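A quick write-up on the structure given underneath.
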Amino acid sequence: MGQKGAETRDRLLDATQELMETWGYFGAGLNQVVALSGAPRGSLYFHFPGGKDEMVGASVRRAGRAIGDALTSLAESSESVTALADAMLGFLGDQLEQSGWRKGCPVATVALETAATNDPLQQACSEVYRAWEAALRIQVADRPDADDLAITILALVEGALVLARAHRSRDPLTRVGRQINALLSAPS
């Protein structure tokens, strides 16, 4: 694929992510993706012959990698795992607030709407969540409860994002941050 083709594919994925985060799977159709991306309709089927589900799956995976990369970058610049948790919640809170509380996690809405009925999208969401859990597990690897702690932190963050979006407030993120710090500070 040439540069122009890659740019068109990226525009389609950007539009898909924007619409999925804001309106969810069922609130975003192919016509909206084409309109928002500015790509010709034929490009959609060229890059994603499997249609909407293939495009949404690619978008979820790409967004998941971007959040994973941000988490890795934050981990490299954080002095401790509690500092990482604070930085992660701050980063996600900034994104949520800057979107006017329209966007939370790029995976959660798709997972909630499709995981029970769409195996390919369930798998894409599961892959992303497992990668994030693994990245968190690395940060707490010195603890005997690292597996449980990683999934607990992920669940707390995801829940806090939903509540912050619903309340249009960073307060849930702040409160969950305090609880994550308490968990991380507790003896293992």
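If you're wondering where the values come from, they're calculated on a predicted model, not measured in any experiment.
Between T109 and E113 there is a side-chain heavy-atom pair separated by less than 4.5 Å. In this structure the side chain of E18 never reaches within 4.5 angstrom of the side chain of D14, judged on heavy atoms. No side-chain heavy atom of L173 sits under 4.5 Å from any side-chain heavy atom of L92. Using a 4.5 Å heavy-atom cutoff, the side chains of R41 and L30 are in contact. When side chains are defined from C-beta on, E133 counts as touching R137, because their heavy atoms get closer than 4.5 Å. You'll find the side chain of I151 stays beyond 4.5 Å of the side chain of Y129, heavy atoms only. No side-chain heavy atom of P40 sits less than 4.5 Å from a side-chain heavy atom of Y45. With a 4.5 Å cut-off on side-chain heavy atoms, L13 and F48 count as touching.
Taking both residues in full, the closest heavy atoms of V34 and A39 are given as CG1-O, 3.2 Å, listed atom of the first, atom of the second, then distance. Closest of all the heavy-atom pairs between C105 and L161 is CB-CD1, 4.1 Å. Taking every heavy atom of both residues into account, P106 and V60 meet most closely at O-CG2, 4.3 Å. In this structure, G64 and V128 approach most closely via the heavy-atom pair CA-CG1, 3.5 Å. Minimum heavy-atom separation, M20 to K52: CE-CE, 4.1 Å. Pairing each heavy atom of S99 with each of R102, the nearest pair is O-NH1, 2.8 Å.
A salt bridge between D171 and R175 is present, with a side-chain N of the basic residue lying under 4.0 Å from a carboxylate O of the acidic one. Look at D94 and R170 and you find a salt bridge, because one of the NZ, NE, NH1 or NH2 atoms lies within 4.0 Å of a carboxylate O, short of that distance. Remark: R168 does not engage E97 in a salt bridge, criterion side-chain N to carboxylate O under 4.0 Å.
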Can you check side-chain contact (heavy atoms from CB on, under 4.5 Å) on V157 and I180, steps first, answer last? CA-CA 9 Å; V157 169; I180 290 172; 3.9 Å; yes

Output, in order, the C-alpha distance, side-chain angles, deciding distance and verdict of side chain to side chain donor-acceptor pair (under 3.5 Å) for E127 and Q123. CA-CA 6 Å; E127 286 172 22; Q123 290 170 351; over 6 Å; no

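Going from atom CZ of R61 over to atom SG of C125 covers 9.0 Å, rounded to the nearest 0.5 Å. Taking CG of L84 as the start and CD of E76 as the end, the distance is 10.5 Å to the nearest 0.5 Å. Between Q3 atom CD and T8 atom OG1 the span is 10.5 Å, to the nearest 0.5 Å. From N31, atom CG reaches atom CG of L36 across 12.5 Å, with rounding to the nearest 0.5 Å. Atom CG in L156 sits 8.0 Å away from atom CD in Q179 (nearest 0.5 Å). Note: K103 NZ to L96 CG = 10.5 Å, rounded to the nearest 0.5 Å.
Remark: side-chain polar atoms of N118 are not paired, donor with acceptor, to backbone N or O of T114 under 3.5 angstrom. Judged purely by atom type and a 3.5 angstrom limit, S185 uses its side chain to pair as donor or acceptor with the backbone of N181.
F46 and V33 are not part of a single hydrophobic cluster, where members link through side-chain heavy atoms under 4.5 Å apart. The hydrophobic clustering, which links ILVMFWY residues whose side-chain heavy atoms are closer than 4.5 Å, places V56 and L19 apart. In the hydrophobic clustering of ILVMFWY residues, with side-chain heavy atoms under 4.5 Å counting as a link, L121 and L44 come out apart. Cluster annotation: L74 is connected to L149 through the hydrophobic network of ILVMFWY side chains, with a link wherever side-chain heavy atoms come within less than 4.5 Å. There is a path of hydrophobic side-chain contacts, each under 4.5 Å, that joins W23 to M55.
Defined by atom type and a distance below 3.5 Å, a donor-acceptor pair is present between the side-chain atoms of S126 and R130.
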